[in-house]
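As structure tokens, the structure follows; a few thoughts come after it.
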Amino acid sequence: MFTELMPLLAGRTVLITVAKLDDKTLRVNIVPAQAKADESPALTTPLTYTGSSEELDAELGKHLATYVQVHQQAASTLAEAKAIIEAAAKAAQEEARRKAEERKKAAQKAPDKSVPAVPAEPASASVGTATSTEAASTPASGSALGLFGTNAPEPASTQPKGGLAL
């Protein structure tokens, strides 16, 4: 029985209690103590075996060996799962940090390119031609998009040709 317990005793304390239930029946409880404060409570699940003293002598060792093996597998699986979760969380944090840096760089570059350069107008503009601000405010006929993307004919101009417009 104690040979089977040795792997479990390597990392934790084990509490063993034996109680007599009646003249022929005993109950044995094997309770592993929590090894670390952040350890899963699943690793402290007790093993309880009830039977006669002859049954306990014959069978408890086999059941205890199986219990210790399952306990070690559970501890290993929990450690692996914790490592995978921590690695995934770290990768997600890195990805979020990288995306935030990219957005920050894009936001810093955007204001520099958002103001287009306006070409200078020649100083000698003839009286009959429109200035660049007038040309920008009145699009060429047939090129203006109407509501919902349809081309609407442009209304006739009410301004006289030539001269200065107000």
Side-chain angles (χ1 to χ4, degrees), residues 1-120 132-133 135-140 142-152 154:
M1 177 172 108
F2 291 103
T3 304
E4 290 86 359
L5 273 177
M6 288 306 288
L8 189 60
L9 288 168
R12 68 186 68 247
T13 302
V14 177
L15 176 66
I16 300 173
T17 61
V18 180
K20 184 177 177 183
L21 299 178
D22 59 34
D23 288 340
K24 296 182 182 180
T25 309
L26 298 174
R27 177 175 290 146
V28 177
N29 294 312
I30 299 166
V31 184
Q34 192 171 12
K36 300 174 192 166
D38 64 341
E39 185 177 61
S40 172
L43 297 176
T44 61
T45 303
L47 170 68
T48 300
Y49 197 83
T50 304
S52 67
S53 59
E54 293 82 19
E55 290 173 331
L56 290 173
D57 285 341
E59 306 264 335
L60 185 59
K62 291 185 272 183
H63 289 287
L64 195 52
T66 302
Y67 173 77
V68 170
Q69 181 183 8
V70 169
H71 187 277
Q72 288 177 323
Q73 288 173 348
S76 175
T77 301
L78 287 171
E80 289 173 12
K82 184 178 179 181
I84 290 170
I85 290 169
E86 287 173 353
K90 185 177 179 181
Q93 288 172 345
E94 284 294 320
E95 180 72 14
R97 186 177 301 124
R98 184 185 61 77
K99 286 182 178 181
E101 288 175 5
E102 287 176 0
R103 284 192 299 267
K104 184 178 177 183
K105 287 179 183 178
Q108 289 174 349
K109 290 180 181 180
D112 297 340
K113 295 181 180 180
S114 66
V115 180
V118 177
S132 64
T133 56
S137 65
T138 58
S143 67
L145 291 178
L147 188 61
F148 306 111
T150 58
N151 288 336
E154 190 164 321

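Counting from 1, the numbers follow the sequence of the chain as shown.
Atom CG of D22 is surrounded by more than 12 heavy atoms from other residues, nucleotides or ligands within 6.0 Å.
The residues E101 and K104 are annotated as not salt-bridged, no charged nitrogen and carboxylate oxygen being separated by less than 4.0 angstrom.
Looking at H71 and L43, their side chains come closer than 4.5 Å, going by heavy atoms from C-beta outward. Annotation: side chain of L9 is in contact with side chain of M6 (closest heavy-atom distance under 4.5 Å).
For L8 against P32, the heavy-atom pair with the smallest separation is CD2-CB, 4.4 Å. When every heavy atom of L56 is checked against every heavy atom of Y49, the shortest pair comes out as CD2-CD2, 3.0 Å. Contact detail for T50 and R27: the closest heavy-atom pair is OG1-NE, 3.3 Å. The minimum heavy-atom distance between T3 and P7, with the atom names listed, is O-CD, 3.8 Å. Contact record, E39 with R12: OE2-NH2, 2.7 Å, taken as the closest heavy-atom pair. When all heavy atoms of E4 and G61 are compared, the pair lying nearest together is CG-O, 3.4 Å.
Here the straight-line distance linking atom OG1 of T45 with atom OH of Y67 works out to 6.0 Å at 0.5 Å rounding. Taking CG of L47 as the reference point, atom CG of L64 lies at 6.5 Å (rounded to 0.5 Å). The OG1 atom of T48 sits 4.0 Å away from the CG atom of N29 when rounded to the nearest 0.5 Å. With values rounded to the nearest 0.5 angstrom, L26 atom CG is found 10.5 Å from L60 atom CG.
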(request) Test V14 against F2 for side-chain contact (heavy atoms from CB on, under 4.5 Å), laying out the working first. (result) CA-CA 11 Å; V14 177; F2 291 103; over 6 Å; no
(message) Quick one, E94 with R97, criterion salt bridge (Lys or Arg N to Asp or Glu O under 4.0 Å). Give me CA distance, side-chain angles, the key distance, then yes/no.
(response) CA-CA 5 Å; E94 284 294 320; R97 186 177 301 124; 2.5 Å; yes
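Applying the side-chain contact (heavy atoms from CB on, under 4.5 Å) test to P46 and every residue at least two apart in sequence or in another chain returns V31. Annotation: side-chain contact (heavy atoms from CB on, under 4.5 Å) contacts of K62 (sequence neighbours excluded): E59.
At distances below 3.5 Å, at least one donor-acceptor pair connects side-chain atoms of S52 with backbone N or O atoms of E55.
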